[in-house]
Amino acid sequence: MELPFSESYRIKMVETIRKSTREEREQWIKEAKYNLFNLKSDYVFIDLLTDSGTGAMSDKQWSELMLGDESYAGARSYYNMKNAIKNILGFDYFLPTHQGRAAENVLYSTIIKEGDVLPGNSHFDTTKGHIEFRKALAIDCTIDEAADTQLEIPFKGNMDPAKLEAVLKKYPKEKIPAVVLTVTNNTAGGQPVSMANIREVSAICKKYGVNLQIDSARFAENAYFIKTREKGYENKTIKEIVKEMFSYADIMTMSSKKDAIVNMGGFVAFKNEELWKKCQMFCIMNEGFITYGGMSGRDMNALAQGLDEGTEFDYLETRIKQVEYLGAKLDEYGIPYQRPAGGHAIFVDAKKILTHVPKEEFIAQTLGIELYLEAGIRGVEIGSILADRDPVTRENRYPKLELLRLAIPRRTYTNNHMDVIAAALKNVYDRRESINRGYVITKEFPIMRHFTVELEPAK
């Protein structure tokens with residue numbers, strides 16, 4: 001008899017989570033102005049808002065916390081992190097930051113000027129926000145197939161080479177500080193990018209003399225998909241695949257709260273020493289001295305250990321198979337999501353479920369609120385609220401996809417929790433015909449509004 005699949009870890013410590021009543025949740029979401037970000041964590045039963053910084057660290061990572069060197073300059077922990085980045089990722093130069101958006105801030109403060117253009121494959125919210133805040137333009141060059149949630153292809157996060165080359169032909173290279181390739185492609189549903197696509201995008205960048213930046217929050221999950229889906233990589237280790245992936249990049253930014261499995265931390269890394277030196281000023285101004293940036297020594301130690309653990313196949317297989325498990329449960333219930341299941345999350349296709357809610361009333365946000373009311377489960381909208389307004393016309397942007405992202409924290413929940421999530425979604429799905437109104441915005445920031453937006457039910 002073949003043994004069933006099981007997790008590659010055992011549980012050493014637990015945290016109590018509290019169930020609540022629907023009446024309580026109705027009051028709490030109203031007080032939160034119908035913004036799931038505004039809910040207190042104590043009001044949430046299963047928290048799938050993000051997989052960023054919400055995972056469970058290993059015994060070795062906790063041990064590394066105790067060994068942290070908190071020296072202001074030249075700390076031993078900095079060199080531990082430096083060695084991990086060099087050995088695992090292949091970059092000689094890096095600047096530590098407190099998280100991924102801080103890495104973007106340091107880099108983009110250095111390289112972007114007003115009127116610049118940065119093509120990419122579905123820039124994520126903070127990336128696009130940093131670009132547009134600097135009065136530059138983020139152009140989406142994702143393959144068209146990513147917009148069809150029911151189409152199953154192995155690398156749905158790919159950049160479209162023809163779209164990219166059209167942008168690079170249209171604008172002079174002085175206007176293009178970088179091409180941004182996000183692995184995995186979060187906005188498109190946690191979908192991976194193939195090695196062939198990374199290689200081709202890199203070759204196009206070299207042809208036009210433009211830097212390739214890899215947004216690397218979930219690079220290890222991407223490497224897993226390359227190993228399991230791309231011919232020629234099935235016998236390579238995750239670390240070997242990662243080394244090749246980054247051999248094609250000039251710059252990488254990373255929110256280490258994802259695939260390095262830490263609660264806080266990030267960095268920007270470079271192949272070019274001169275660019276590294278230019279970015280140091282903004283690191284010192286906004287984060288801290290160049291050998292600690294926005295991080296404590298203990299967190300740098302945990303990050304270095306996490307990079308090693310996060311690029312091991314057994315860990316990644318456990319992680320991604322849990323996401324697949326939730327996807328299979330939704331398949332049983334006929335609930336549509338971005339297929340195939342992504343690396344870090346299930347992205348439920350809200351447009352296909354809430355067909356009576358007008359797009360102006362924020363379909364994915366409405367589904368997220370309904371799921372919270374049903375069972376205290378918190379997801380996040382990847383749709384019209386996140387898409388923000390057009391920076392010129394100030395009109396709402398309505399993307400092709402309205403997705404509710406259910407991001408699974410690493411090594412945190414069991415498959416019993418996945419069963420609860422699936423059952424709660426089924427209950428919402430079964431009463432979908434009765435949901436015909438959404439929400440309207442009453443207050444918002446001019447950029448990256450989704451974090452703090454306030455809403456009320458549409459009348």
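In this model, a donor atom of one side chain and an acceptor atom of the other lie less than 3.5 Å apart for T253 and Q213. In this model, no donor atom of one side chain and acceptor atom of the other lie less than 3.5 Å apart for H98 and D299. In the model, R25 has a side-chain atom that pairs as donor or acceptor with a side-chain atom of S20 under 3.5 Å. Under the 3.5 Å distance criterion, with hydrogens and angles disregarded, no donor-acceptor pair is assigned to the side chains of S58 and Q305. For the residue pair E7 and T318, no side-chain donor N or O sits within less than 3.5 Å of a side-chain acceptor on the partner. Inspection of the D69 and S77 side chains reveals no N or O donor paired with an N or O acceptor under 3.5 Å.
Among residues at least two apart or in separate chains, salt bridge (Lys or Arg N to Asp or Glu O under 4.0 Å) pairs with a member in residues 447-459 are D388-R449, E444-R449, E456-K459. Listed by first then second residue, pairs satisfying ring pair (Phe, Tyr, Trp, His ring centres under 6.0 Å) with a partner in residues 351-392 number zero, not counting sequence neighbours. Under the ring pair (Phe, Tyr, Trp, His ring centres under 6.0 Å) criterion, the residue pairs touching residues 309-330 are Y224-F313, with sequence neighbours excluded.
Taking E70 as the reference, R298 meet the salt bridge (charged side-chain N to carboxylate O under 4.0 Å, His left out) condition, with sequence neighbours excluded. Remark: H417 pairs with Y413 by the ring-ring contact (aromatic ring centres under 6.0 Å, His included) rule, at least two apart or across chains. Qualifying salt bridge (charged side-chain N to carboxylate O under 4.0 Å, His left out) partners for R378, counting only residues two or more places apart in sequence or in other chains: D47. In terms of the salt bridge (charged side-chain N to carboxylate O under 4.0 Å, His left out) criterion, R10 has no residue partners (sequence neighbours excluded). With sequence neighbours excluded, no residue forms a ring-ring contact (aromatic ring centres under 6.0 Å, His included) with Y337. Partners of F37 according to the ring-ring contact (aromatic ring centres under 6.0 Å, His included) rule, which considers only residues two or more places apart in sequence or in another chain, are F451. For D140, the salt bridge (charged side-chain N to carboxylate O under 4.0 Å, His left out) test picks out no residue, with sequence neighbours left out. Contacts of Y9 classified as ring-ring contact (aromatic ring centres under 6.0 Å, His included), with partners at least two apart in sequence or in another chain: none. With sequence neighbours left out, P336 forms a side-chain contact (heavy atoms from CB on, under 4.5 Å) with Q150, D349, K352, I353, Y429.
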> What do the steps show when you test R134 against S109 for side chain to side chain donor-acceptor pair (under 3.5 Å), and what is the final call?
Replying inline: CA-CA 8 Å; R134 291 166 173 82; S109 293; 2.8 Å; yes
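Atom NZ of K163 sits in a crowded spot, with more than 12 heavy atoms from other residues, nucleotides or ligands closer than 6.0 Å. Within 6.0 Å of the OH atom in Y398, the count of heavy atoms belonging to other residues, nucleotides or ligands exceeds 12.
For Y108 and F133, the gap between ring centers reaches or exceeds 6.0 Å.
By the 30° and 60° cut-offs, the orientation of the rings of F94 relative to Y78 is parallel.
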